[in-house]
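Please read the structure below before turning to the comments.
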Amino acid sequence: MEILTVRESKFLLVISIICSVLFGLSWFFSAIAGIKNHDLTTLIICSLVFGSAAILGILLLINFFRRKLILYADHLSYTPGLGKTKTFSYHAIDHIILKMERCILYGKDNKKLASFEINMSGCLDALSYLDKKGIAIERRNLSIPFLSDAKSRSDSYNSYINNYISTKWSPERIAKEKKITRILGFVLVILCAAALLLPLKLLLSVQVLILLFHYFIYLFLYPKMTMENVKKDDLTRVSLPFWSLAPGFLVIFAFITNMNIKEGAWLSHTIIMMILLLIPYFLVLAVRKIKMRLSNLLAMVFFIFMLAFVSSPAINYAATFDKPIHETVTVLAKKENHSSRSGTKRYFYFIWQGEEHSMLVSESLYNSADEGDTVRLCINKSIFGMEYYKLHE
């Protein structure tokens, strides 16, 4: 009969499913686009980036269902994410090393028997039980004392970050930064609203700069700044003001959903921008010597991906300076799609460059042109190489 079980938290299950589905679908659709357009470069880049992320998500999913340490009365059973289950007695354990949030069990010959993390379910109960068994526990870079009382539930990683912050910044400075961040948030919301009066290119430029400003403020204040909700009396963390970030996202998203972008271009530009934005993030981690846990890293990568996904079309639109090229095409068919979320979308179908295409059109053009009529295809290309189109009379 088992006494205790140490297994992955349900948070990993959520992250692994999101990662597998999101990046798996991105990989699938980008591969189809690359094959269809005979774009080998896009196919390779998307396979490396999205394929690797999707495989990581699948491995995390396997880890959730397989990886566990079971403590019985007279022995232990350890099942890794990949590999066979092995059993060993308590006498076979020589010592345990707690390094940051990781716990490693070593045998008499200094061979690793098993490993698990502090944030896993049942971890502290298991450590308390092993401590009572008289097994030596060595702490390395663990900022909190070992809690032999199984009722105590403290997150070692959060303690590590809190300890890191407290040794470098005073509570008074953090309180000041929280106040400045709130003021900046209000200023950015006002700036976002005022930008609605500007011409479209300037409007999009301002909104993108607001989004990027939030990101670089996050890097500047990291690890003090967090995406989690922070209580007013917490003088160790500063919340990222999502309420001032959301308006810019919504304004840009409303615009880009009506853009006709060359197939595969949006994805490839998103990947490039995501990589460029990840570079300063990893530089901050390296310079400040901050250790990251996997769940936080995945959440950050997802946030940067969404930032790049929304911003890249707007940046390319604002960075289009050459005059567009116009071609004449014949409307083959018209179609309306009605949705309670996105409203009504109107499309024209036509033959261009030997292939059938469908593109979004304005309501006025949809009503004024019929099947068999000719319309003008406006071809635009930004200085970064993204090609996008518009149909007009």
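Quantities reported herein were computed from a predicted structural model and do not represent experimental measurements.
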Review point. Are more than 12 heavy atoms from other residues, nucleotides or ligands located less than 6.0 Å from atom CZ of Phe186?
Key: no
Check your understanding: Could you state the interatomic distance from NZ (Lys111) to OH (Tyr106), rounded to the nearest 0.5 Å?
Key -> 13.0 Å
Revision key, fill the gap. CD1 of Ile70 to OG1 of Thr85, rounded to nearest 0.5 Å, is 8.0 Å
Study note, to complete from the structure: Residues pairing under salt bridge (charged side-chain N to carboxylate O under 4.0 Å, His left out) where one sits in residues 163-186, two or more places apart or in two chains, turn out to be Arg173-Glu177, Glu177-Lys224
Practice item. Establish, for the pair Lys86 and Tyr78, whether the NZ or CZ atom is under 6.0 angstrom from the six-membered ring centre and no further than 45 degrees off its axis. Key: no
Practice item. Tell me yes or no: between the side chains of Asn367 and Arg346, is some donor less than 3.5 Å from an acceptor? Key: no
Review point. Okay, side chain of Asn258, backbone of Ala254: is any donor-acceptor separation there less than 3.5 Å?
Key: yes
Review point. Does Tyr349 share a hydrophobic cluster with Val329, counting links as ILVMFWY side-chain heavy atoms below 4.5 Å and allowing steps through other members?
Key: no
Exercise for review: Using atom types as modelled and distance alone, determine if a side-chain donor or acceptor of Thr257 lies under 3.5 Å from a backbone N or O of Phe253.
Suggested key: yes
Check your understanding: Is there a donor-acceptor contact under 3.5 Å from the side chain of Lys390 to the main chain of Met259?
Key -> no
Exercise for review: Determine whether Ile252 and Trp243 fall in the same hydrophobic cluster, where Ile, Leu, Val, Met, Phe, Trp and Tyr are linked whenever their side-chain heavy atoms lie under 4.5 Å apart.
Suggested key: no
Exercise for review: In sequence, state the C-alpha distance, the side-chain angles, and the governing distance for Arg67 and Phe116, and then conclude on side-chain contact (heavy atoms from CB on, under 4.5 Å).
Suggested key: CA-CA 9 Å; Arg67 189 175 178 220; Phe116 52 93; 4.2 Å; yes
Review point. If you measure from CG on Leu69 to CG on Leu71, what distance do you get to the nearest 0.5 Å?
Key: 5.0 Å
Exercise for review: Look at atom NZ of Lys335 and say whether more than 12 heavy atoms of other residues, nucleotides or ligands are closer to it than 6.0 Å.
Suggested key: no
Point to revise | Spatial distance of atom CG (Leu98) from atom CG (Leu127) [nearest 0.5 Å] | key: 5.5 Å
Could you pull out every donor-acceptor pair under 3.5 Å between side chains of residues 188-209 and any protein atom, sequence neighbours left out?
{"unit_1": "Lys201", "atom_1": "NZ", "unit_2": "Thr320", "atom_2": "O", "d": "2.3"}
{"unit_1": "Ser205", "atom_1": "OG", "unit_2": "Lys201", "atom_2": "O", "d": "2.8"}
{"unit_1": "Gln207", "atom_1": "NE2", "unit_2": "Cys192", "atom_2": "O", "d": "3.2"}

Point to revise | Non-neighbouring partners of Trp352 that pass side-chain hydrogen bond (donor to acceptor under 3.5 Å, both in side chains), sequence neighbours left out | key: Glu327
Just list the side-chain donor-acceptor pairs under 3.5 Å for residues 271-290, sequence neighbours left out, or say none.
{"unit_1": "Arg288", "atom_1": "NH1", "unit_2": "Leu219", "atom_2": "O", "d": "3.3"}
{"unit_1": "Arg288", "atom_1": "NH1", "unit_2": "Phe220", "atom_2": "O", "d": "3.4"}
{"unit_1": "Arg288", "atom_1": "NH1", "unit_2": "Tyr222", "atom_2": "O", "d": "2.1"}
{"unit_1": "Arg288", "atom_1": "NH2", "unit_2": "Phe220", "atom_2": "O", "d": "3.1"}

Review point. Are any non-hydrogen side-chain atoms of Ile135 and Leu105 less than 4.5 angstrom apart?
Key: no
Point to revise | Phe64 reachable from Ile58 in the ILVMFWY side-chain graph, under 4.5 Å edges | key: no
**Study point:** Shared hydrophobic cluster for Met300 and Phe213 (ILVMFWY, side-chain gaps under 4.5 Å)
**Key:** yes
**Study point:** Test side chain to side chain contact (heavy atoms under 4.5 Å, CB included) applied to Thr270 - qualifying residues, sequence neighbours left out
**Key:** Trp266, Phe305, Ala308, Phe309, Ser312
Exercise for review: For atom NE2 of His91, decide whether the heavy atoms of other residues, nucleotides or ligands shown that lie under 6.0 angstrom number more than 12.
Suggested key: no
Exercise for review: State plainly whether one hydrophobic cluster holds both Val310 and Tyr215, where clusters connect Ile, Leu, Val, Met, Phe, Trp and Tyr through side-chain heavy atoms under 4.5 angstrom apart.
Suggested key: yes
Study note, to complete from the structure: dist Asp131:CG -> Ile137:CD1 (nearest 0.5 Å) comes out at 4.5 Å
Practice item. Indicate yes or no: at least one non-hydrogen side-chain atom of Cys123 is less than 4.5 angstrom from one of Glu117. Key: no
Review point. Which distance, rounded to the nearest 0.5 Å, do you find between the NE2 of His392 and the OG of Ser362?
Key: 10.5 Å
Side chains of residues 372-387: which donor-acceptor pairs under 3.5 Å do they make with residues two or more places apart or in other chains?
{"unit_1": "Asp373", "atom_1": "OD2", "unit_2": "Asp370", "atom_2": "N", "d": "2.8"}
{"unit_1": "Ser382", "atom_1": "OG", "unit_2": "Asn316", "atom_2": "OD1", "d": "2.5"}
{"unit_1": "Ser382", "atom_1": "OG", "unit_2": "Phe384", "atom_2": "N", "d": "3.2"}
{"unit_1": "Ser382", "atom_1": "OG", "unit_2": "Gly385", "atom_2": "N", "d": "3.3"}
{"unit_1": "Ser382", "atom_1": "OG", "unit_2": "Met386", "atom_2": "N", "d": "3.3"}
{"unit_1": "Glu387", "atom_1": "OE2", "unit_2": "Tyr389", "atom_2": "OH", "d": "2.7"}

Practice item. Give a yes or no on whether a salt bridge exists between Arg66 and Glu8, defined as a side-chain N under 4.0 angstrom from a carboxylate O. Key: no
Review point. Can you check whether Leu360's main-chain N or O pairs, donor with acceptor, with Asn260's side chain at less than 3.5 Å?
Key: yes
Check your understanding: Step by step, would you call Tyr317 with Phe255 a ring-ring contact (aromatic ring centres under 6.0 Å, His included)?
Key -> CA-CA 10 Å; Tyr317 182 85; Phe255 166 75; 4.9 Å; yes
